[in-house]
Amino acid sequence: MRITLSSSALSSQLGTLAKVINSKNSLAILDCFLFEVANQQLTITASDSENVMRSTMQLEMADGEGKFAVNNRTILDAVKELPEQPLTLDVDTNTFSVKVIYQNGMYNFTAQNADEYPIAQQMPETATSLTLPSNVLADNITRAIFATAQEELRPVMNGIYFDLTPDALAIVASDGHKLVRNKNFTVRTETPTAFILPKKPATLLKNVLGKDDSDVVIRFDERNAQISFGDTTLLCRLIEGRYPNYNSVIPQNNPYQLTIDRKTLIGALRRVLPFASESSQLVRLHIENGKIEVSSEDIDFSTSAKEEVTCDYTGSAMNIGFKGPSLTEILNNLNSEEVTLQLADPSRPCLILPVDQPENEDVLMLIMPMLLND
């Protein structure tokens with residue numbers, strides 16, 4: 001079997017698919033890419049047994065059909081240094097010897113029998129389907145993934161929750177201290193349904209989805225999801241279990257509102273945070289009319305810092321404490337120039353909203369305060 005294709009196209013596809021492969025696999029064959037040639041097309045598959053990513057590319061020439069498996073490091077190292085040029089793979093499907101022929105040279109290595117490669121299950125016809133623009137899904141995953149937990153006891157918290165209702169699609173993540181809820185009003189369903197996407201496939205999607213408005217189709221049932229975009233398909237196992245009722249955590253009446261330039265507040269937090277206690281990382285906000293004082297201290301090392309920032313606030317003066325890195329992370333994952341902090345009192349959750357919401361979306365972030373020892 002002999003095939004010819006573009007070296008840079010192959011290198012690009014392999015680089016994307018390699019992100020699926022674990023450094024240590026339970027099956028040796030999962031160290032490999034699966035190459036399948038049929039109908040003048042090459043389909044390349046990478047898997048870690050729970051996540052399977054498959055990409056299809058047109059071939060310039062194909063003489064024969066068949067399949068073989070190639071160690072991921074071998075083929076990646078072989079093609080990544082080559083400039084753009086036609087690449088010919090000459091494969092003996094009996095002995096599995098592979099020749100990669102390029103303009104000024106040739107590589108020789110041995111492939112493996114592809115029959116050992118596990119076959120991914122197909123999604124049933126009854127699977128639920130939803131369609132989102134690629135850039136919207138990528139933005140929503142990026143905004144939410146930082147708030148997922150790393151808990152062995154409650155694995156449902158370790159993923160991103162897709163909650164499809166008659167009103168909107170809510171994409172939610174929380175670790176119990178912070179929460180992100182993105183609502184998209186263009187996606188609705190008459191029958192409420194939901195799934196929890198694990199962190200690894202979510203990270204893969206965040207890194208590989210295009211920043212355009214091309215369609216991404218997600219098909220899912222109780223256990224698996226299939227996400228298709230362009231020439232690529234990702235099959236993944238979902239996290240099973242009930243996600244906590246996130247709406248019950250979101251306060252409906254926070255009477256005090258503070259509006260501030262997002263980057264100004266991030267800058268103040270970054271400058272003050274190094275002087276906070278290493279164990280608590282507590283940052284105190286003293287809020288009063290027109291200004292906010294950001295301060296921190298570490299009594300053990302006799303260090304402290306404070307900085308004053310102007311803001312738009314009218315209401316009772318308030319002292320409230322937050323974990324500095326968590327507050328910074330929330331602000332970093334919003335795009336609006338200004339943000340609004342909605343507060344009730346120093347013991348109740350604070351809502352952080354972008355002043356400029358994305359089109360057809362409602363972005364809300366929540367952070368739990370920390371106790372102040374006044």
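Any value given below was found using the heavy atoms of this structure, including those in side chains, with hydrogens, waters and symmetry copies removed.
Here the straight-line distance linking atom CD1 of Ile227 with atom SG of Cys236 works out to 4.5 Å at 0.5 Å rounding. Note that the CG atom of Leu10 and the CG atom of Leu59 stand 10.0 Å from one another [nearest 0.5 Å]. Rounded to the nearest 0.5 angstrom, Asn108 CG and Lys99 NZ are separated by 6.0 Å. Distance check: Thr340 OG1 to Leu353 CG gives 6.0 Å after rounding to the nearest 0.5 Å. Atom OG1 of Thr189 is separated from atom CG of Asp167 by 11.5 Å, given to the nearest 0.5 angstrom. Note that OG1 of Thr16 and CG of Leu204 are 9.5 Å apart. Values are rounded to the nearest 0.5 Å.
Ile287 has its side chain within reach of Leu343: a pair of non-hydrogen atoms, C-beta onward, lies under 4.5 Å apart. Residues Ile352 and Ile367 meet the side-chain proximity criterion, which asks for heavy atoms closer than 4.5 Å. A heavy-atom distance below 4.5 Å is not found between the side chains of Pro346 and Pro369. When side chains are defined from C-beta on, Val136 does not count as touching Asn360, because their heavy atoms never get closer than 4.5 Å. Taking the side chain as every heavy atom from C-beta outward, Cys32 and Thr74 never approach each other to under 4.5 Å. Residues Phe146 and Val180 are in side-chain contact: their nearest non-hydrogen atoms beyond the backbone lie under 4.5 Å apart. By the 4.5 Å heavy-atom criterion applied to side chains, Asn224 and Leu235 are not counted as neighbours. Put simply, the side chain of Asp63 reaches to within 4.5 Å of the side chain of Met61, judged on heavy atoms.
When the side chains of ILVMFWY residues are joined at heavy-atom separations under 4.5 Å, either directly or via intervening members, Leu258 and Phe322 end up in a single hydrophobic cluster. Transitive grouping of hydrophobic side chains (ILVMFWY, heavy atoms separated by less than 4.5 Å) brings Val20 and Leu238 into a common cluster. Phe275 and Leu265 are assigned to two separate hydrophobic clusters, defined by single-linkage of ILVMFWY side chains at heavy-atom distances under 4.5 Å. Hydrophobic cluster membership differs between Leu14 and Tyr117, with clusters built from Ile, Leu, Val, Met, Phe, Trp and Tyr side chains linked at under 4.5 angstrom. Val272 and Leu341 fall within the same hydrophobic cluster, defined by Ile, Leu, Val, Met, Phe, Trp and Tyr side-chain heavy atoms under 4.5 Å apart, directly or through other members.
Annotation: side chain to side chain donor-acceptor pair (under 3.5 Å) contacts involving residues 120-141, sequence neighbours excluded, comprise Asn140-Glu361. Sorted by first and then second residue, the side chain to side chain donor-acceptor pair (under 3.5 Å) pairs involving residues 226-237 (not counting sequence neighbours) are Ser55-Thr232. Pairs engaging residues 253-278 under the salt bridge (charged side-chain N to carboxylate O under 4.0 Å, His left out) rule: Arg271-Glu307 [sequence neighbours left out]. Residue pairs meeting the ring pair (Phe, Tyr, Trp, His ring centres under 6.0 Å) criterion with at least one partner in residues 229-267, sequence neighbours excluded, are Tyr161-Tyr243. Within the structure, every pair that satisfies the salt bridge (charged side-chain N to carboxylate O under 4.0 Å, His left out) test and touches residues 65-74, not counting sequence neighbours, is listed here: Arg73-Asp77. Under the salt bridge (charged side-chain N to carboxylate O under 4.0 Å, His left out) criterion, no residue pair touches residues 4-31, with sequence neighbours excluded. Applying the side chain to side chain donor-acceptor pair (under 3.5 Å) test to residues at least two apart or on different chains, none of the pairs has a partner in residues 323-339. Applying the salt bridge (charged side-chain N to carboxylate O under 4.0 Å, His left out) test to pairs two or more places apart or on separate chains, those with a residue in residues 239-258 are Arg223-Glu240. Residue pairs meeting the ring pair (Phe, Tyr, Trp, His ring centres under 6.0 Å) criterion with at least one partner in residues 198-226, sequence neighbours excluded, are Phe195-Phe220. Each side chain to side chain donor-acceptor pair (under 3.5 Å) pair with one or both residues in residues 193-205, not counting sequence neighbours, appears once here: Asn22-Lys200, Asp48-Lys200, Thr148-Lys199.
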Asn184 and Asn182: CA distance, side-chain angles, deciding distance, side-chain contact (heavy atoms from CB on, under 4.5 Å) verdict
CA-CA 7 Å; Asn184 187 303; Asn182 302 293; over 6 Å; no

Could you walk me through whether Arg181 and Asp362 pass side-chain contact (heavy atoms from CB on, under 4.5 Å), step by step?
CA-CA 8 Å; Arg181 187 199 67 193; Asp362 176 49; 3.0 Å; yes

Give the C-alpha distance, both sets of side-chain angles, the deciding distance and a yes or no for side-chain contact (heavy atoms from CB on, under 4.5 Å) between Glu151 and Asn158.
CA-CA 6 Å; Glu151 282 194 33; Asn158 300 345; 3.8 Å; yes

Assess the residue pair Ser174 and Met157 against the criterion (side-chain contact (heavy atoms from CB on, under 4.5 Å)); give the C-alpha distance rounded to whole Å, side-chain angles, the decisive distance to 0.1 Å, and a yes or no.
CA-CA 7 Å; Ser174 176; Met157 305 294 283; 4.2 Å; yes

For residues 80-94, dump all side-chain donor-acceptor pairs below 3.5 Å to protein atoms at least two apart in sequence or in another chain.
residue, atom, partner, partner atom, Å
Glu84, OE1, Ser6, OG, 2.9
Glu84, OE1, Ser8, N, 3.3
Glu84, OE1, Ser8, OG, 2.3
Gln85, OE1, Gln103, N, 2.7
Gln85, NE2, Pro83, O, 3.3
Thr88, OG1, Thr4, OG1, 3.2
Asp90, OD2, Arg2, NH1, 2.5
Asp92, OD1, Asn94, N, 2.8
Asp92, OD1, Thr95, N, 3.2
Asp92, OD2, Thr95, OG1, 3.4

List the atom pairs, donor and acceptor, that lie under 3.5 Å between side-chain atoms in residues 35-43 and the rest of the protein, sequence neighbours left out.
residue, atom, partner, partner atom, Å
Gln40, NE2, Ala62, O, 3.4
Gln41, NE2, Gln58, OE1, 2.8

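Aromatic ring centres of Tyr102 and Tyr107 lie closer together than 6.0 Å.
At distances below 3.5 Å, at least one donor-acceptor pair connects side-chain atoms of Thr165 with backbone N or O atoms of Ala168.
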